[in-house]
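Data first, discussion second: the structure below is written as structure tokens.
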Amino acid sequence: MPELPEVETIVGYLNDVLPGKRIKDIRIFREKNILSGAPSFQKELIGESFLNVTRRAKFLIFHLTDDKVVIAHLRMEGKYYFEEKDSSQKKHDILIYDFMDGSCLHYNDVRTFGTLELSNEKDYLKTPSLSSLGKEPFLISPEEFFSLLQKKGKHPIKQALLDQSLIVGIGNIYASEILFASQVNPRTPCKDIPFEKSDLILKETKRILFEAISQGGSTIRSYHPKEGISGKMQNELQVYGQANKPCPRCKTPIRRIFMNGRSTFYCPLCQKQPGHGIIIGVTGPIASGKSTVTSYLSEKGFVDLDSDRYAHESYEDKDVKKELKAHFPGAFSRGHLDRKKLLSIISKDEKKTLILNSIIHPYVYKRTEEEIKKHPEKNFVIDMPLLLASPFLDRCDFIIGVNAPLEVRKERLKERGVDIEKALKLNSSFPIKELKKAATIYLETTGSKEESRKILDSYAFLAGNKIL
DNA sequence: ACTTGAACCTGGCGGC
DNA sequence: TGCCGCCAGGTTCAAG
């Protein structure tokens, strides 16, 4: 749940209620969360009093009498709440400190990821939890921040902001917010960030974290420890959680991608990708109207990255050929690849299809990247039937999902003169639900090409002069 | 050595 | 209404 501002808010709350409270008993309901062991935690702390609470990174540091220290991390859902009287165990309580005066402090953690650890004033900064932490954002100099980023090399900036050994306290919400405010694309390699930009990122980090602290943090799914009180920063968030909503600066739909398994939000126009223009992905089942969309964008100057073409091309690549020979010797006659044979080999066998894809796809991806590198000033359209399952989904700034009713698609296939049933069968597993969900624009091409183009024109961020 | 993914957990929410 | 799959503010550790 918490990033630096939320932890700071909780520190403030605990310092209102905790100092001077003497521990009469500690009831532990889930021993696993106490890294230093439950028995000593109870034995050493009973009889001591809380002095105050400080913060280091996202850790809470409880200072007690006799130089005792408790290092605590809330992870995703941990909450502390103080009760004047009611000391009954609540659902998901990990432990309760009972005080001499009848009040108590609950540590409650729905997902049970949070931790507690007993230490002392002399050693606590040297414990493994705290020893490898980077600098506090309010204490790091612009020069130092820049040099740390340089050392991160080609790692994306978003990842660096989350790296607690580089700079502490930033989590997944504020990382997206900071990069939006700085107008830096989250994919940008750290080494490509000039000093002025890293300086700006640090300034925005401080501004946003400071503002969040003054708003009492963000309360999104959870609540602040103090009953009924929540932070207000969630109302100020510009991009986090705003997928497909208009950018507050330019109205372009906010894009959500996954980076290192975490949701990442950015504006494709305010935070242009480093090294090239906009990338629009077009996908949908066979005969859904993808090529209408692709040619529309080509005419507007987009470079067409045609994955089918690259796939065909791959069969001529000597490394690909070598791999194919190793896995599908039956598809070769007199040293030459027979693609019809290859298709018949894989068509009945899902496992073999996967193997073929694992050989072809990397080539297609490599070729696509090469093509993007060739035209640093251009915008791109990626036309890829399997885009949703490919790593290129998250290289795209927009996704145009195309679909059409079955009858319309059949009609189109008929016009193309292909085996309708066979073509549809090959495409039967296309995940339409997923397509709708992933698409920035979901286009049902029921009518003519002209109609589809008119619809595309109506999307201001496509047809306006912002991209095109 | 490096990077990605699973694991640790429960609950809320949107979609069928 | 209920059931299912997906997702969640963090961090670590095990595979590839």
Side-chain angles (χ1 to χ4, degrees), chain A residues 1-10 29-35 55-60 71-80 90-94 107-117 127-134 151-156 158-178 187 189-190 208-209 212-213 215-225 230-237 239-244 256-265 358 362 388 391 394 431-438 442:
Chain A
M1 155 196 174
E3 303 182 31
L4 185 150
E6 291 72 33
V7 177
E8 194 65 44
T9 304
I10 292 161
F29 309 111
R30 201 172 185 282
E31 300 199 351
K32 261 176 95 175
N33 299 64
I34 300 170
L35 302 181
R55 180 190 60 75
R56 169 75 175 113
K58 298 170 192 169
F59 289 88
L60 294 158
I71 306 164
H73 202 295
L74 303 156
R75 294 292 179 97
M76 294 293 262
E77 300 265 338
K79 309 163 183 59
Y80 280 91
K90 307 293 188 308
K91 201 177 179 187
H92 304 123
D93 273 354
I94 301 292
Y107 177 56
N108 184 282
D109 192 338
V110 174
R111 291 174 74 184
T112 73
F113 295 166
T115 58
L116 299 103
E117 193 178 348
T127 58
S129 318
L130 299 188
S131 64
S132 56
L133 290 172
K151 277 187 210 145
K152 277 278 162 183
K154 60 181 168 48
H155 286 278
K158 160 89 191 306
Q159 202 183 322
L161 291 182
L162 293 177
D163 181 349
Q164 302 297 300
S165 69
L166 193 152
I167 186 169
V168 301
I170 302 169
N172 205 38
I173 293 180
Y174 297 120
S176 281
E177 293 297 312
I178 289 162
R187 305 174 180 88
C190 290
I208 287 170
L209 294 180
I213 292 169
Q215 296 284 331
S218 299
T219 301
I220 288 184
R221 269 166 303 285
S222 224
Y223 56 89
H224 186 267
S230 18
K232 294 190 173 64
M233 188 61 184
Q234 65 279 7
N235 305 321
E236 313 295 324
L237 300 178
V239 289
Y240 184 84
Q242 305 299 309
N244 289 330
R256 178 172 88 148
I257 58 171
F258 280 90
M259 294 182 73
N260 300 95
R262 320 289 310 269
S263 271
T264 305
F265 299 84
S358 74
L388 296 181
D394 286 343
I432 297 298
K433 217 170 97 180
E434 210 180 306
L435 180 70
K436 283 184 188 169
K437 212 181 133 203
Y442 181 72

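Chain letters run A, B, ... following the sequence lines, proteins first and then strands; every chain starts at 1.
For the pair A:Lys158 NZ and C:dG10 C1', the interatomic distance rounds to 12 Å; values are reported in whole Å. Atom CG in A:Asn33 sits roughly 14 Å away from atom C1' in C:dG10 (whole-Å rounding). Rounded to an integer number of Å, the gap from CG of A:Leu166 to C1' of C:dG10 is 17 Å. Counting to the nearest Å, the C1' atom of B:dT3 and the CZ atom of A:Phe258 are 18 Å from each other. When the P atom of C:dG10 is taken as reference, atom CG of A:Leu133 falls 14 Å away, rounded to whole Å. Between the CD1 atom of A:Ile94 and the C1' atom of B:dC8 there is a distance of 12 Å, given to the nearest Å. If you take CG of A:Asn108 and P of B:dC9, they are 16 Å apart, rounded to a whole angstrom. Note: CD1 (A:Ile167) to P (C:dT11) measures 14 Å, nearest angstrom.
Looking at heavy-atom distances under 4.0 Å, A:Lys91 makes contact with sugar-phosphate atoms alone, never a base. Among the heavy atoms of the strands lying under 4.0 Å from A:Gly171 are primed sugar atoms or P, OP1, OP2 only; no base atom is included. A:Ser263 comes within 4.0 angstrom of the backbone, heavy atoms only, and of no base.
In this structure, CG on A:Leu74 lies 9.0 Å from CG on A:Leu116, to the nearest 0.5 angstrom.
A donor-acceptor pair shorter than 3.5 Å can be found between the side chains of A:Glu117 and A:Ser129.
Applying the 4.0 Å criterion to OP1 and OP2 of C:dA8, one finds that A:Arg111 has every side-chain N and O outside that range. OP1 or OP2 of C:dT12 has not a single side-chain nitrogen or oxygen of A:Arg75 nearer than 4.0 Å. Within the 4.0 Å cut-off from OP1 or OP2 of C:dC7, at least one side-chain nitrogen or oxygen of A:Lys437 is found. Contact annotation: A:His92 side-chain N/O to B:dC9 OP1/OP2 distance is not under 4.0 Å.
Comparing A:Gly169 and A:Lys433, the nucleotide of DNA chain C nearest to each residue sits closer to the 5' end for A:Lys433. Each of A:Lys436 and A:Lys154 was matched to the nucleotide of DNA chain B holding its nearest heavy atom; the match closer to the 5' end belongs to A:Lys154. In this structure, A:Asn260 and A:Lys32 both approach DNA chain B, and ranking their closest nucleotides by distance from the 5' end singles out A:Asn260.
The aromatic rings of A:Phe59 and A:His73 stand perpendicular to each other, their planes meeting at an angle above 60°, with 30° marking the opposite boundary.
Stacking is found between A:Phe113 and the pyrimidine-like six-membered ring of the B:dC8 base under the 5.5 Å centre-distance and 30° plane-angle cut-offs.
Nucleotide C:dG10 has B:dC8 as its partner under the Watson-Crick or G-U criteria, with both atom distances under 3.5 Å.
Counting only heavy atoms from C-beta on, A:Arg256 has its side chain closest to C:dA8 among B:dG11, C:dA8, C:dT11.
Side-chain atoms of A:Lys58 come within 3.5 Å of backbone N or O of A:Ile170 as a donor-acceptor pair.
Taking a cutoff of 4.0 Å between a charged side-chain nitrogen and a carboxylate oxygen, A:Asp109 and A:Arg30 do not qualify as a salt bridge.
B:dG5 and C:dC6 have their P atoms separated by 16 Å, given to the nearest Å. Here the separation of B:dC9 from C:dA14, taken at their P atoms, is 15 Å to the nearest Å. Between C:dC7 and B:dA6, the two C1' atoms lie 16 Å apart (nearest whole Å).
The side-chain heavy atoms of A:Tyr174 and A:Leu237, taken from C-beta on, include a pair separated by under 4.5 Å.
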